[in-house]
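A, B, ... follow the sequence lines: proteins, then strands. Residue 1 opens every chain. Values below: all heavy atoms of this structure, side chains included; hydrogens, waters and symmetry mates excluded.
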Amino acid sequence: MRNVVRCLSALIFAAAVAAGCGGPFGQRGKVRTQHRSLTDPAQVATIDHKSPFLKAHMRNGDVYILSPWSVDATARTVSGNGERLDPNRTRVGEGAHVIPLDSVALFETNVVSTHGSIAALAVITGASVALTAYCATNPKACFGSCPTFYVSDGDRAVLQAEGFSASVAPALEATDIDALYRARPRTRTFEVRMTNEALETHVVRWARVLAAPRPSGGRVFATQTGDFWQASDISAPQRCSAAEGDCLAAVRALDDVERFSTTDSTDLTTREVIDLEFPVESRDSLGLVIGSRQTLLSTYVLYQAMAYMGHSVGYWLAALQRGDARAREQSLGIGRALGGIEVQALDSAGAWITIGQTQETGPLATDVRVVPLPHLPVGPTHLRLRLARGHWRIDYLALARLAGRAHPSRLDPVTVRRGDTVDTQALELLTDSSRTLVTLPGDEYTIVYRLPNDFARYELFLESRGYYLEWMRQEWMAEESPARAMMMFLQPQEALRRLAPEFKAREAEMEAAFWRSRYVRH
Amino acid sequence: MSATRSRLATVSALCLVLLGTACFHTTAPMGWLPTADDAQREAYGGWIKVEYTTDVKRMVQGELIAATSDSVHVLTGNNIVALPTATVVSGTLTTYDVKLGTLRLWTVLGAVSAASHGLVLVLSAPAWLIIGSTATAVASRAPRVESTKPGDLRAYARFPQGIPHGLDPRSLRQKDIRTLARP
């Protein structure tokens, strides 16, 4: 149906544009403007020759309308083909005319041009048609994903977290912890703006702020398993190299300059490595700090899975809900096949072995986590990251000394607002873990927390729990394929191998289109 | 309704109101005004609405026949009215038909087409309505001349040179739009 609407819109649209510019609707539909000039016969040499018609208003009230026309200054005449009209504008003559200037009271010329409004509408039409065309051919790139949370960095609201992004069904409801790494509260009153910016239904069980005391001069980081570590002596790598060469500039600070790569065209699970070198000066416990987010690969794969499910997506989700732990495990198979960011170190035999991993789902907000490391020898130490090509954007890598576990306080909201209105019902829902707050596209809540007195000494995290439901798009139905949907659950490796060429064909433009199409406010 | 949707609805409603009301509306009979292109080939005056005072405020409208330093001549039906310039309070002249229907249709279809933009319609639909209604409102004012000065009006009179010497104004007849053969 939507395709039909698009086609009809495009056709009528083209007709309207044609009408505005003078197409099949002809002269009658043109949006034109007119500039009229009067010229005294004594100044006949100054007549605007861009005017295709010349009107000679005669002293007796008649008028000649000539086209083409010319002026003979020597003979003091104007001549041309056209008609002569009497004062009531009845035609009294037609053909070639030569008119003495001294019988003319005034000359009138008119220059007609396309009105500027056409240019304005043409610009927005071009942009609109391009967007329609792009969304029609790449429907999986035009929509966002995940509940999003904005927090001030001291100057402006910044997208700092996306909640429970991997929880795409009720059965996959989960708790997610995101570092509010760039939060800079100025008072104890701390506001988090939660938005639903996608064609999704978000079911939020809670959204809490976790406040963990920072060590002097240090930070607190969370691990993949939800532990918190106080960290100090945070240092950037001395060397970072990947297939493209030196990547140190991209990863030494959390500055939105990211290191990323493109996928393998034959297999989306193909791995790449990033080699790091850090100076290690003591035998203290260390951790590798990783600031990262996903590319659009995981979003694309999710949408593709739903496209394969097609009309029976409800059946699939219900089956998942009814199913046992094994079924839920299978539903996570695709995510596992794509994998997280593995941290590797050399073992005593000189082989790279995985010693930890981080895997935060979602392409929007960069999350900062720490991967605790086993004791490393003093001196230059080499670490390796192993990850699926084209799957991760890495903004920040650092080595930190882990001073000890941190135990954050959990802060429930004290107020919830929608716009300028206090929403007591939303507050009740977010503070009662047996109930949920349901949000729809466009919904926006400001959640207010009360921080500890010495709030500046605390590292803040957002702990959200819930799940979300993607809305099916009409465009996806065309790709319905139960067999391929089943393959994504049962043979995720093979499914990702088959998807590789299709994703590769769209990869370059997808990222740019995705960010253009969202209305995320960075 | 969420704040965002509420704002979207408000913006849309305001734009639609703007589309309908911010435009200049002529009082000329339908089909009376030529398009800008046709006006090159016709020799009638524009449509003028004049407010003037004698003892009370009055209004007359019709074809502008002439505007001279001492009077404004308006043909209402087949009757010529000569108004002393000193009594004219306002004059609103429409010189041609700018074809606003095309712009309105374009704007509405553009806004409807935003439905194919997915969630981006939250931006693209209001953009269509704001730009379209603004463009339409601006275009609607292009053929309008609002003035009481004869010098501003006379170029769009049937006789820009003034009433021709020896012509009986009572012999003038109104434009018959049924007999005009516009291309």
Please indicate whether [X] has more than 12 foreign heavy atoms, meaning atoms of other residues, nucleotides or ligands, lying under 6.0 Å from its [atom1].
| X | atom1 | result |
| --- | --- | --- |
| A:Glu94 | CD | yes |
| A:Asp420 | CG | no |
| A:His49 | NE2 | yes |

What part of [X] gets closer than 4.5 Å to chain B, counting heavy atoms only: side chain, backbone, both or neither?
| X | answer |
| --- | --- |
| A:Leu121 | both |
| A:Arg36 | both |
| A:Asn60 | backbone |

Nearest atoms (heavy-atom pairs only) where [X] meets [Y]:
| X | Y | result |
| --- | --- | --- |
| A:Arg32 | B:Tyr96 | O-CE1, 3.3 Å |
| A:Lys55 | B:Ala39 | NZ-O, 2.8 Å |
| B:Gln40 | A:Asn110 | OE1-O, 3.4 Å |
| B:Pro164 | A:Gly61 | CG-CA, 3.3 Å |
| B:Ala142 | A:Thr33 | CB-OG1, 4.0 Å |
| B:Pro160 | A:Leu38 | CB-CD1, 3.9 Å |

Looking at B:Ser171, B:Ala127, B:Ala139, which has the largest count of heavy-atom pairs under 4.5 Å with chain A?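 Of B:Ser171, B:Ala127, B:Ala139, B:Ala139 has the most heavy-atom pairs under 4.5 Å with chain A.
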Could you give the distance from [atom1] ([X]) to [atom2] ([Y]), rounded to the nearest 0.5 Å?
| X | Y | atom1 | atom2 | value |
| --- | --- | --- | --- | --- |
| A:Asn88 | B:Gln174 | CG | CD | 10.5 Å |
| B:Asp176 | A:Arg89 | CG | CZ | 15.5 Å |
| A:Leu85 | B:Arg158 | CG | CZ | 10.0 Å |

Short question: side chain of A:Arg59, backbone of B:His165 - any donor-acceptor pair under 3.5 Å?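 Not confirmed, A:Arg59 side chain does not pair with B:His165 backbone.
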Looking only at atom types and distance, does a side-chain atom of B:Gln161 sit under 3.5 Å from a main-chain N or O of A:Met58, one as donor and one as acceptor?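 It does hold such a pair.
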Passing candidate, side-chain contact (heavy atoms from CB on, under 4.5 Å) with A:Ile124, options B:Ile131, B:Thr107, B:Ile130: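 Answer after filtering B:Ile131, B:Thr107, B:Ile130: B:Ile131.
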B:Leu167 portion near chain A, given a 4.5 angstrom heavy-atom threshold: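 For B:Leu167, the contact with chain A is made by the side chain alone.
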